[in-house]
Every structure is written in structure tokens, then in C-alpha cells.
J.: 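Here you go, one structure.
Side chains included, hydrogens not; waters and symmetry mates left out as well; all remaining heavy atoms used.
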Amino acid sequence: MDLPGLTAPDAARLLDDHAPELAERVRTRVLAESGGSPLAVIELGSSRPAARDDGESDPAGQVGPLPVPRRVQEAFRHRIVELPDLTQRALLVAQPTRRRPLRRSCT
């Protein structure tokens with residue numbers, strides 16, 4: 001199964017709609033790390049103002065991936081624990097990576 005993300009212009013418009021105040025280097029990083037995922041665009045974009053309000057360092061200056069907000073982690077965790085065991089295991093095997101698309105990992 002191939003689920004393409006948003007195009008670069010569409011992701012940029014979505015980010016501008018949800019986090020218009022982002023500095024250019026943060027905006028560029030959010031767009032790059034989101035991979036076109038609408039949820040990632042919105043949540044990674046919203047993590048920047050939260051970091052400023054909490055006195056944390058600027059996420060764009062961090063090494064490694066931008067932090068995923070805890071509320072997103074918890075929302076997925078709650079959904080996953082409700083799934084049957086076999087489905088949970090299938091998610092672990094089929095988790096997408098940028099190096100190996102899902103359709104190849106299942107063949």
C-alpha cells in the first residue's frame with residue numbers, strides 16, 4: 001500500500017494556516033520532517049510555540065527529529081492498545097520507514 005503525502009506546496013499552505021508565526025528555519029525543518037503527512041505538519045508546527053512558552057530550546061536547533069507532542073503520542077497509544085494482539089504485531093512489522101516502503105516490506 002502506497003500512501004503518498006501532501007505535495008510540498010499543499011504541506012506549506014497547511015503549515016501556514018496552522019502556524020503562520022514560525023521562523024523560516026523552523027518552517028523548513030517541519031516541512032522536511034513531516035514527509036507530507038498532514039498530521040505531522042500540524043503537530044510539528046504547533047510544537048514550536050509550545051517550546052517557546054515552556055522555556056525549552058528552539059526545536060529547529062536540536063539534533064535529531066523534532067519532538068512529537070505528548071498528546072499525539074497518547075492518542076495513538078490509546079488507539080493501538082485497543083487493537084487485537086495480532087493487529088498490534090502487524091503494525092510493528094509494517095511500520096513505514098523512509099528507507100523501505102510498506103509495499104516492499106510485505107512481499
Side-chain angles (χ1 to χ4, degrees):
M1 176 188 319
D2 188 16
L3 300 174
L6 296 173
T7 64
D10 288 341
R13 276 192 293 278
L14 181 63
L15 182 59
D16 290 343
D17 287 347
H18 287 276
E21 75 289 346
L22 290 180
E24 187 59 32
R25 72 182 187 135
V26 178
R27 184 180 182 281
T28 299
R29 186 156 179 200
V30 166
L31 291 170
E33 289 197 25
S34 71
S37 163
L39 177 62
V41 169
I42 292 168
E43 294 300 335
L44 291 175
S46 69
S47 71
R48 173 57 180 105
R52 183 182 340 123
D53 293 343
D54 293 340
E56 297 173 7
S57 63
D58 183 350
Q62 296 175 357
V63 175
L66 289 170
V68 176
R70 182 161 307 282
R71 65 188 165 89
V72 173
Q73 294 174 25
E74 286 298 312
F76 279 108
R77 188 185 70 75
H78 285 294
R79 288 182 180 177
I80 290 169
V81 299
E82 296 296 322
L83 296 171
D85 288 340
L86 186 58
T87 305
Q88 290 182 35
R89 280 188 245 136
L91 285 173
L92 289 174
V93 171
Q95 62 182 329
T97 65
R98 291 185 179 163
R99 290 178 292 250
R100 194 170 75 191
L102 179 60
R103 64 179 177 272
R104 289 191 192 155
S105 64
C106 293
T107 58

J.: With sequence neighbours left out, what residues match D16 under salt bridge (Lys or Arg N to Asp or Glu O under 4.0 Å)?
T.: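 By the salt bridge (Lys or Arg N to Asp or Glu O under 4.0 Å) rule, D16 matches R27.
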J.: Quick check: closest heavy atoms across S34 and V41, and the distance to 0.1 Å?
T.: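 Looks like OG-CG2, 3.3 Å.
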J.: With sequence neighbours left out, write down each residue that passes side-chain hydrogen bond (donor to acceptor under 3.5 Å, both in side chains) with T87, or none if nothing qualifies.
T.: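 Counting only residues at least two positions away or on another chain, T87 forms no side-chain hydrogen bond (donor to acceptor under 3.5 Å, both in side chains).
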J.: State the CG-CG distance between L6 and L15, to the nearest 0.5 angstrom.
T.: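 Rounded to the nearest 0.5 Å, the CG-CG separation comes out at 11.0 Å.
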J.: How would you list, by chain and number, every residue that makes a salt bridge (Lys or Arg N to Asp or Glu O under 4.0 Å) with R79, sequence neighbours excluded?
T.: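 Here no residue qualifies.
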J.: So, taking the atom named CG in L86 and the one named CG in L91, what distance separates them when rounded to the nearest 0.5 Å?
T.: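 Nearest 0.5 Å value for the CG-CG distance: 10.0 Å.
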J.: To the nearest 0.5 angstrom, please state how far the CD atom of E82 sits from the CZ atom of R77.
T.: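 Between E82 CD and R77 CZ, I get 9.5 Å after rounding to 0.5 Å.
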